[in-house]
2 protein chains.
Amino acid sequence: MWIRRNFPSATHLMRLKLNPHISVDCVVFGFDRGSLKVLLVERLFSDGHTGEAFSDLKLPGSLVYDNENLDHAACRVLRELTGLDHIYLEQLSVFDSPERTSSATDRNWLQHETGIEIGRIISVAYFALIRFEKMMELLSRMNQKTHWTDARHPGRLPFDHNMIVRKGLEHLQTRMRIEPIAMELLPRKFTLRQLQEVYEVLLGREMDNRNFRKKLHRNGYFVPLNEKEKDVAHKPARLYTFDKTRYERNKKDSVIFSI
Amino acid sequence: MWIRRNFPSATHLMRLKLNPHISVDCVVFGFDRGSLKVLLVERLFSDGHTGEAFSDLKLPGSLVYDNENLDHAACRVLRELTGLDHIYLEQLSVFDSPERTSSATDRNWLQHETGIEIGRIISVAYFALIRFEKMMELLSRMNQKTHWTDARHPGRLPFDHNMIVRKGLEHLQTRMRIEPIAMELLPRKFTLRQLQEVYEVLLGREMDNRNFRKKLHRNGYFVPLNEKEKDVAHKPARLYTFDKTRYERNKKDSVIFSI
DNA sequence: TGACTTAGCGTATTTTTTACGCTAAGTTTG
DNA sequence: CAAACTTAGCGTAAAAAATACGCTAAGTCA
């Protein structure tokens, strides 16, 4: 009845016993052509009567191994899913309503997926940002199982995943005003215009291009490269990188990063 | 061997089954006479051989009931402990290292306290601020079980409670730059000088008194009362309250509350 | 070649931040 | 009771940051 997804090649370092009470779910954001996307994965199952296959979209997530800490579990989920590492990742929030796993469909799917009797599951949500190159890389070797969906209209998701996505969005918006994380959505080398677009889309307001670049130059964390963008239908702009190290050094004073 | 503390009068709304995998711990801050305090509670036990009684300090916390959500559990812990309600409370972070309950002393204490076989326990830390009046109220009917300790030097605490306190401190410092929570540590009616002192102590730097009050007046969330402070050895200052409602209304634009 | 788009630098104005002077209203001390 | 002292509370001037907007250069496209 239920199609069982290949169980992930487990890390050899720990015993394989899953803790049936705790899971992690990842909200992974990406930015493509002016819009914010969230990463969803397919959930496969088939109808009990007809045997017909169905699929669904959900946040990438997993139960946690007994000896595994949560940060590790979140990394693991992303590595197994996307094959990629070294992306911006932080704990978002705990989702713990006792009713979050109460839908019959969800319970059944979980039970068949994990082979474990499911009671209450507390999920720790993780917040991740993925660079444009990696996003594209993922799309190209797309195994039909991952989808980049409009983060603001992800459709109806199972469990409390809609809540988690919404919380992730809010987090992104407040966080990017305080710490320089917006560039984690761009390629490592980006133009100032690209960065401005991210700000405009995520904050939902237009910004003056000339003032925007003035600010960036003043704070001095953006280092100009001797490279220009290519294949654009207009004057190619200079590429920049963000100097994280320099930012961390000067952080003490300001603490709040504003544009 | 182990003194078993009276188990809290449980809420009647839910079955009393404790979930042995998830706990909450609360970092409650208070501000008194120029220094930041954290609330600790006594942990009682006695030596296995001599039967002599010992005590310890730890963060207030509890396992979570099976049908209870975490916010509720955190409120419950504080209500049972302090008898007080309506204090500033928010989720801080999850502490989940598999080794966090590995100390033999801690495991034994837990087992005797709860009567439950203890395995891995994931703890969700909550961050709370308590107003000066309530802090004093608590001190007066102090049942010898609660202590206000210097938040920056709480001594050695069991489990990973030192980590949790440190995280709470960091959270307080970043949070107060972004949202107007510093006044949650003061009486509902406070002088501008008192507020300034909180800022100075928590941020660790002095501020110009004249500029400080200028800012407060400009942002318009501080409403002057027709009352003055009493029993001070100098010119009594006017009392103010913080208008949360007005702040919430105007929040949309600025989002970041700075002094 | 001319129309068009975006990059990229500049200037003037307004707003906010910072530094500091000063008086008034109380308390404490001799 | 007066002089010394402390904090409240208002003000001004200069520096810094934010905002609004003009303009040219460098490229593409038709």
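In what follows, chains are A, B, ... by sequence order, proteins preceding strands, each numbered from 1. Bear in mind the structure is a predicted one, so any value in this text is a computation, not a measurement.
- Note on A:E227 versus A:R238: no salt bridge recorded, every NZ/NE/NH1/NH2 to OD/OE distance being 4.0 Å or above.
- Separating the CG atom of A:L216 from the P atom of D:dA17 is a distance of 15 Å, rounded to the nearest angstrom.
- Distance alone, capped at 3.5 Å, is enough to place a donor-acceptor pair between the A:Q194 side chain and the A:T191 backbone.
- A salt bridge links B:R175 with B:E90: at least one charged nitrogen is closer than 4.0 Å to a carboxylate oxygen.
- In the set C:dT17, D:dA18, D:dA8, the nucleotide with an atom closest to the side chain of B:R218 is C:dT17.
- Side-chain contact check for B:D71 and B:Y126: at least one donor-acceptor pair (N or O, by modelled atom type) lies under 3.5 Å.
- Every ring-ring contact (aromatic ring centres under 6.0 Å, His included) that A:F127 has, sequence neighbours left out, goes to A:F29, A:H171.
- Residue B:E206 contributes atom CD, which lies 13 Å from atom P of C:dA19 at whole-angstrom precision.
- Rounded to an integer number of Å, the gap from A:F212 CZ to C:dC9 C1' is 17 Å.
- Spacing between atom CZ of B:R213 and atom P of D:dG11 amounts to 12 Å, rounded to whole angstrom units.
- Ranked by how close their nearest DNA chain C nucleotide is to the 5' end, B:R210 and A:R238 are led by A:R238.
- Using a 4.0 Å cut-off between charged side-chain N and carboxylate O, B:D150 and B:R152 make no salt bridge.
- Computed from coordinates, the A:E227 CD to C:dA7 C1' distance equals 17 Å when rounded to whole Å.
- Near DNA chain C, defined here as any heavy-atom distance below 4.0 Å, there are no residues from residues 183-193 of chain B.
- In this pair, A:F242 and A:Y247 present their aromatic rings tilted. The plane angle is within the 30 to 60° band.
- When distances are taken from the side chain of B:K214 to each of C:dT18, D:dC21, C:dA7, the shortest belongs to C:dT18.
- Using a 4.0 Å cut-off between charged side-chain N and carboxylate O, B:R76 and B:E80 make a salt bridge.
- Note that CZ of A:F95 is 8.5 Å distant from CZ of A:R100, once rounded to the nearest 0.5 Å.
- For B:N211, counting side-chain heavy atoms from C-beta on, the closest listed nucleotide (C:dA19, D:dC21, D:dC10) is C:dA19.
- For the pair B:D231 CG and D:dT7 C1', the interatomic distance rounds to 16 Å; values are reported in whole Å.
- Taking atom CD of residue A:E229 and atom C1' of nucleotide C:dT6, one finds them 9 Å apart after rounding to whole Å.
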Protein-to-nucleotide contact annotation, 5' to 3' order, nucleotides 24-30 of chain D [B base; S sugar-phosphate only; - none; under 4.0 Å, heavy atom]: -BBSSS-
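- Rounded to an integer number of Å, the gap from B:N219 CG to C:dT16 P is 11 Å.
- For A:K215, the side-chain atoms get nearest to D:dA18 when compared with the rest of C:dG8, D:dT12, D:dA18.
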